[in-house]
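Okay, so here's the structure we're looking at.
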2 protein chains.
Amino acid sequence: MQALTPPPVRLSEQLGESIEERIVTGVYPPGTRLDEQELAESFGVSRTPIREALIQLASIGLVEIRPRRGATVPEMAPDRLCEMFEVMAELEAMCGRLAARRILPAEQARLLEAHQACEAARQAGDPDLYYQLNEVFHRAIYDASHNGFLAEQATALHRRLRPFRRLQLRVRNRMNTSFSEHAAIVEAIIGGDSEKAGSMLRTHVIVQGERFTDLVATLRQMHNPPEAELAPAAV
Amino acid sequence: MQALTPPPVRLSEQLGESIEERIVTGVYPPGTRLDEQELAESFGVSRTPIREALIQLASIGLVEIRPRRGATVPEMAPDRLCEMFEVMAELEAMCGRLAARRILPAEQARLLEAHQACEAARQAGDPDLYYQLNEVFHRAIYDASHNGFLAEQATALHRRLRPFRRLQLRVRNRMNTSFSEHAAIVEAIIGGDSEKAGSMLRTHVIVQGERFTDLVATLRQMHNPPEAELAPAAV
DNA sequence: TGAACTATTCTTGTATACACAACATAGGTT
DNA sequence: AACCTATGTTGTGTATACAAGAATAGTTCA
């Protein structure tokens with residue numbers, strides 16, 4: 001019965017998720033001005049819940065609110081993205097280290113299951129599916145760390161980096177590389193090799209950040225006239 | 001001229017800080033119901049900015065909002081606190097590792113300065129002052145990591161753990177121990193010994209978490225009747 | 001006497017209205 | 001002609017009003 005009645009959730013929360021979705025999927029690219037009235041009309045609600053949603057998004061860094069000047073989607077400078085990937089790598093490494101020491105049999109099963117699901121997506125050559133299952137895989141590691149707070153932090157940052165990570169898997173062979181890295185990570189965790197699990201996860205993630213930065217750098221070199229080299233950094 | 005006019009900041013932000021202050025200083029202990037009307041009257045404003053402040057605090061985990069049931073100060077279970085200290089330790093360790101590799105001369109000077117200020121407070125036997133300068137010391141390390149995002153994350157978590165850490169320094173000799181650990185940390189960072197800086201900082205922080213947990217456990221044993229052992233965890 | 005149901009009240013969630021600051025544009029002055 | 005200023009417009013920030021769900025207390029029936 002409880003499943004039928006939708007969980008009583010604040011409208012502003014739902015709106016927050018919707019707006020977040022539009023941001024991470026590129027409907028609202030970085031730099032976009034988020035006009036409260038426009039959003040309110042577009043969602044068919046008043047400004048109040050929109051404001052609350054924006055404030056919540058602002059406090060997790062997904063939008064930027066400047067007093068009396070409204071909300072905008074922040075321009076993620078490549079530098080800052082690097083920093084975020086650097087932190088993400090360390091959080092994942094920590095999850096891996098703890099998971100290797102604390103993982104329970106049931107969680108081992110879940111991890112293997114997620115890994116095998118990834119294998120299926122890889123063989124099918126479906127990057128979108130792989131991307132999705134990849135999240136399940138990583139989440140399994142977060143949970144196995146048996147540190148709920150850490151898992152929350154890792155999940156939050158993972159979400160925030162989602163739009164940038166997504167581009168990755170299109171790169172030639174990235175899916176295959178990712179999968180073989182996963183295999184080694186699973187082995188280390190199941191085998192209880194804490195340090196190895198940590199360092200492999202760190203590399204696994206940091207590589208994505210570096211590759212992304214390379215990608216951005218290449219794109220900018222291609223698209224920008226030479227004298228624009230000093231232009232303010234923007235993705 | 002610009003310095004004279006106070007920075008135009010949203011009222012809800014100021015309120016958020018005030019409420020946060022009341023939470024971390026124990027004016028609103030865990031479990032407190034935060035009635036919007038009461039808060040509004042107590043601050044002499046309407047409910048709107050109060051709500052916005054609460055939503056912001058909720059999104060960083062400082063209050064808990066249950067739909068249609070209002071906001072409460074979350075009961076930090078000792079387990080969860082342990083988890084948070086575990087993450088804090090790792091963030092600090094990461095800051096230390098990066099700082100050892102990246103610190104600039106000017107930042108070295110700032111770090112030493114902060115360290116010497118702590119020494120003064122220690123000699124004066126002033127835990128409150130030491131506590132305050134200790135924050136400056138750690139902040140200097142965060143900044144020296146040259147990862148702005150990491151520094152933000154570390155600062156945020158540090159703030160959130162503030163009320164629990166504060167109790168620490170009253171413990172016998174803790175100030176002296178803390179200071180000598182600081183000295184070793186400074187040496188490692190200035191000396192560029194990345195791994196040592198990291199592991200020392202990790203220990204430095206994790207010890208606080210453990211000591212705090214011990215303290216909580218002791219207090220609960222003392223104050224709770226034996227049959228209360230199964231009671232829901234609350235600090 | 002106790003339990004369950006209903007009605008009342010209180011609090012949250014949303015909408016609307018108003019005030020004020022920031023930006024833009026146009027006009028005047030140097 | 002260029003720059004400064006004044007005014008109008010747009011949009012954020014706060015207050016108030018209203019609606020709906022949850023808690024509570026009171027009443028009725030078993």
Side-chain angles (χ1 to χ4, degrees), chain A residues 1-20 22-23 28 30-75 232, chain B residues 1-20 22-23 28 30-75 232:
Chain A
M1 260 315 159
Q2 205 167 357
L4 291 182
T5 59
V9 63
R10 266 184 330 213
L11 185 53
S12 61
E13 259 182 79
Q14 294 179 338
L15 291 171
E17 286 174 26
S18 300
I19 296 173
E20 176 179 347
R22 293 191 186 180
I23 292 174
Y28 299 146
T32 307
R33 233 185 106 51
L34 298 174
D35 187 285
E36 294 179 0
Q37 296 200 69
E38 277 180 37
L39 285 172
E41 286 167 20
S42 123
F43 283 104
V45 297
S46 81
R47 272 179 54 218
T48 308
I50 295 287
R51 272 185 70 79
E52 294 182 350
L54 289 177
I55 287 170
Q56 186 175 345
L57 292 178
S59 67
I60 57 175
L62 249 138
V63 310
E64 193 176 0
I65 297 182
R66 297 191 312 178
R68 289 273 172 202
R69 294 194 186 175
T72 56
V73 181
E75 313 249 1
Chain B
M1 262 312 160
Q2 205 166 356
L4 290 182
T5 59
V9 62
R10 265 175 311 152
L11 184 51
S12 63
E13 259 182 82
Q14 293 180 337
L15 291 171
E17 286 175 28
S18 300
I19 296 173
E20 176 179 348
R22 293 192 185 181
I23 291 174
Y28 299 147
T32 307
R33 237 188 100 54
L34 298 173
D35 187 283
E36 294 178 359
Q37 292 200 80
E38 277 181 37
L39 286 171
E41 285 165 21
S42 121
F43 284 103
V45 298
S46 82
R47 274 178 53 217
T48 308
I50 295 287
R51 273 185 68 80
E52 294 182 351
L54 289 178
I55 286 170
Q56 187 176 343
L57 291 178
S59 68
I60 58 175
L62 249 139
V63 310
E64 194 178 359
I65 296 182
R66 296 191 312 176
R68 290 272 170 202
R69 294 194 184 175
T72 56
V73 181
E75 313 249 1

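Within every chain, numbering begins at 1; the chains are lettered A, B, ... in the order of the sequence lines, protein sequences first and strands thereafter.
Rounded to an integer number of Å, the gap from I50(A) CD1 to dG11(D) C1' is 15 Å. Atom CD in Q14(B) sits about 12 Å away from atom C1' in dG13(D), given to the nearest Å. In this structure, L34(A) places its CG atom 14 Å from C1' of dG11(D), rounding to the nearest Å. Rounded to whole angstrom, the span from the CZ atom of R69(B) across to the P atom of dG21(D) amounts to 14 Å. What separates CG of L54(A) from C1' of dT12(D) is a distance of 11 Å, to the nearest Å. Across the protein-nucleic acid pair, D35(A) atom CG and dC23(C) atom P stand 15 Å apart, rounded to whole Å. Counting to the nearest Å, the P atom of dC10(C) and the CD atom of Q37(B) are 10 Å from each other. In this entry the distance linking CD of E64(A) with P of dT12(D) reads 15 Å, nearest Å.
At dT12(C), none of the side-chain N or O atoms of R10(A) fall inside 4.0 Å of OP1 or OP2 (strictly under the cut-off). Residue R33(A) places at least one side-chain N or O closer than 4.0 Å to OP1 or OP2 of dT12(D).
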Considering only nitrogen or oxygen atoms on both sides, find all protein atoms under 3.5 Å from nucleotides 15-20 of chain D and state each distance.
residue	atom	partner	partner atom	Å
dA15(D)	OP2	S46(B)	N	2.7
dA15(D)	OP2	S46(B)	OG	2.7
dA15(D)	O5'	S46(B)	OG	3.4
dA15(D)	N7	T48(B)	OG1	2.9
dT16(D)	O4	T48(B)	OG1	3.4

Using a cutoff of under 3.5 Å, can you pull out all pairs of nitrogen or oxygen atoms linking the protein to nucleotides 6-9 of chain D, with atom names and distances?
none

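Annotation: the span from L57(A) atom CG to L15(A) atom CG amounts to 10.0 Å, rounded to 0.5 Å. Taking CG of L11(B) as the reference point, atom OG of S46(B) lies at 8.0 Å (rounded to 0.5 Å). In this structure, OG1 in T72(A) is found 9.0 Å from CD1 in I65(A), a value given to the nearest 0.5 Å. Expressed to the nearest 0.5 Å, how far CD1 of I50(A) lies from OG of S42(A) amounts to 7.0 Å. Atom CD in Q56(A) sits 6.0 Å away from atom CD in E13(A) (nearest 0.5 Å).
Looking at residues two or more places apart in sequence or on another chain, you find a side-chain contact (heavy atoms from CB on, under 4.5 Å) between P74(B) and E64(B).
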Criterion side chain to side chain contact (heavy atoms under 4.5 Å, CB included) on S12(A) and R51(B), from CA distance to verdict
CA-CA 12 Å; S12(A) 61; R51(B) 273 185 68 80; 5.6 Å; no
Test side chain to side chain contact (heavy atoms under 4.5 Å, CB included) on I23(A) and E20(A) and set out the steps.
CA-CA 5 Å; I23(A) 292 174; E20(A) 176 179 347; 5.6 Å; no
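Where G70(B) and R66(A) each meet DNA chain C at their nearest nucleotide, the meeting point lying more 5' is that of G70(B).
Counting heavy atoms of neighbouring residues, nucleotides and ligands inside a 6.0 Å radius, atom CZ of R66(B) does not exceed 12 of them.
Picking from dT14(C), dG13(D), dA22(D) the nucleotide with the shortest atom distance to the side chain of E52(A) gives dT14(C).
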